[in-house]
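Residue numbers run from 1 in the order of the sequence given.
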Amino acid sequence: MVFDIDLIKNIYQHYPQKIDLIRQKIGKPLTLTEKILYAHLAEGEELKAYKRGEDYVNFSPDRVAMQDATAQMALLQLMNSGRKRVAVPSTVHCDHLIQAYKNAHDDLIVAESNNHEVYQFLRDVSNKYGIGFWKPDAGIIHQVVLENYAFPGGMMIGTDSHTPNAGGLSMIAIGVGGADAVDVMAGMPWELKMPKIIGVKLIGKLSGWASPKDVILKLAGILTVKGGTNSIIEYFGEGTESLSATGKATICNMGAEVGATTSIFPYSKKSADYLSMTGRREVVDLANTLSDCFNPDKAVLEQPENYYDQVIEINLSTLEPYVNGPFTPDLAYPISQLASAVKEHDYPDNMEVGLIGSCTNSSYEDMMRAASVIDNANKLGLKVNAKLIINPGSEQVKYTSKRDGILSRFEQAGAAIMANACGPCIGQWRRDDVADEHKNSIVTSFNRNFAKRNDGSPNTYAFVCSPEIVVALSIAGKLSFNPLTDNLINDKGEKVKLPEPIGDELPRQGFAVDDAGYIEPMADGSLVEVRIAPNSERLQQLLPFSPWDGKDIISQPLLIKATGKCTTDHISMAGKWLKFRGHLDNISNNMLIGAVNAFNQKTNSVLDAQTGDYVEVPALARKLKAQGVGSIVVAEENYGEGSSREHAAMEPRFLNVKAIVVKSFARIHETNLKKQGMLALTFVNKDDYDKIREDDQISITGLCDFAPGKNLTLTLHHRDGSQDSFAVAHTYNQAQIEWFKAGSALNKLKEEFK
């Protein structure tokens, strides 16, 4: 048994009494979000009504999950924490380092050879500290968590921004950086600003080509990429009851694309069905007696506007399929409007590759509905006109889909079945057909579509939609095709129309798997020796960052003034750089190489004010660091949007960047910067961004009186001798200020262990 039923029994033992006490103390009916959050307050934390969006609160999560790319840095930090064994159940999932190229078998052999050193490190550390280990090809972290660990009313953090996937089973699951994971694994409270709550009321029922994916694609268009920042999205209403557990997980998964802290659905019969089918009938028996605890109170449902900070209603019965993109997941097109958008914006209409998988859409239901579209095409005499790539979500999904003939239907259509891993979704895709850099369109069932993300080409226009629509567009070979209304010409020259997709939510014969890929940690790992070769290019022991020197930041040069979107992909690219996720020095060579310089509109080209030459961003930072000089990074809105990768915060810290000053931050990245002892500041007046010149020297004063709610002062020393001075704000509380002073949260943690 992979899941810990005793843990769940212990959590559930006094849940109703806890909820009654919370309701009494808060003094009002409770949303589902509030029930689970307040039930997980850390020991000693006062039970009171915390101000949403303002108060920082300490929590005690039940679990930690880590994927192999982020786990490396998290575990390197854990090794420095002084802890001997993890305090809460934790797992490592090897899903990010397998590159999709030929097929599952061949790609896995290459991955295990190329990443042997890293996999061995992760397994050794897991054994030493009591962490469960999921082997390469076992599956994508969030699908595996949903199948094995997620449970109603629980709370989990994970070192991946799509951890909220588990919200499909009524669990508060939040993406974090590795330093946050270390806190929880070390038995420390975990801090979070009490989130606002956005209520999304679902009415009606999905039908036809519409799918759960279309709910979040539509919502992304409403909220935009930062509309959910510092908020939890809670779905409610009768429309939630007809959605499958994996469909709800899909919706929660992509809440990360609107900046939401997490997303959650109420517990229902569909939840129980999925838990039972995945071998957790004991959880169902317990959860069914507590269903009121895992749903919002009746008064909340009757007057939601009184209990949520914002209420949005979506009618599932009238919902159209959506196709979002390119280059941002919130550019939402109902499929009825896509053809005109293709023409208006000159998007490449020829659809070259369709990709199904990722943590967002790789369940059994996804595979079956997509395969039904191929079945219908075969019966009509239609062939697939675009390359098709499939990444099943887990070995259990793959094994069951193979048994039920689903994978063979894809293969007969010419599809390549890749490993049970993230693959092209995170840039782990060796694509040979874009070497000439021609404009091309791909359609995916993934979650993100930033420029260069999937294949490294800036000329790839990536669009996100449901697996069913991916297949339909792949059959047509045209982005402008609408399967709801348009005909295709079959092999007999006849006009035919694709029927609506169908498919079972759960396998009729149940799930099956030969080897799920899980390895239990040793009961006593104290004698396990974790070796890191001194000349390794993949792994490097972490040295503590230096504590604050007690002085203001005076006359530091500008490193880069970034313009436009600056995601974690721009700050610390994935793709080929994933191999350096355990080596801070080496991966720092990708720092901000994707950010666009506001002064010349180029990437990885910044002014070296000492020579007048334009050089690469990491090269300039290293030169300044060698001279004992720091630097300042300036950027625009929602800086650090996207992945939870803390490397995007650790690299600037390592290369002696003193502060990041922006118009606004994405939640996870701002926390990651704070955890690494960085200064994360925002312009009080956003127009002050425009005052920064390319050759400025920058001072930040007021640090000697650094205090919560108290602005600092930024002064620009222009080359002509003039100056500009203005206020910059921060969101540090006292504990976070102590992280800054100690040099990092990890340094502070080690002090507390002594």
Are Lys226 and Glu637 within salt-bridge range, i.e. N to O under 4.0 Å? yes

Above 12 or not: heavy atoms from other molecules or residues under 6.0 Å from CZ of Arg123? no

Do you know which two heavy atoms are closest between Ile554 and Ser699, and how far apart they sit? CA-OG, 3.5 Å

Distance check, rounded to the nearest 0.5 Å: Glu651 atom CD versus Asp585 atom CG? 10.5 Å

Aromatic ring pairing Phe740/Tyr732, orientation class (parallel under 30°, perpendicular over 60°, tilted between): perpendicular

Nearest 0.5 Å, what's the OG-NZ distance between Ser744 and Lys748? 11.0 Å

I'd like to check Thr713 versus Phe726 (side-chain heavy atoms, cut-off strictly below 4.5 Å). Are they in contact? no

When rounded to the nearest 0.5 angstrom, what is the spacing between NZ in Lys561 and CG in Leu607? 13.5 Å

Taking side chain to side chain donor-acceptor pair (under 3.5 Å) as the definition, give me every residue that meets it alongside Gln736, ordered by chain and number, with sequence neighbours left out. Glu191, Lys674

In terms of the angle between their ring planes, are Phe665 and Tyr639 parallel, tilted or perpendicular, with boundaries placed at 30° and 60°? perpendicular

Output yes when Lys663 and Glu636 qualify as a salt bridge under the 4.0 Å nitrogen-oxygen rule, no when they do not. yes

Between Asp62 (side chain only) and Met155 (backbone N and O only), is there a donor and an acceptor less than 3.5 Å apart? yes

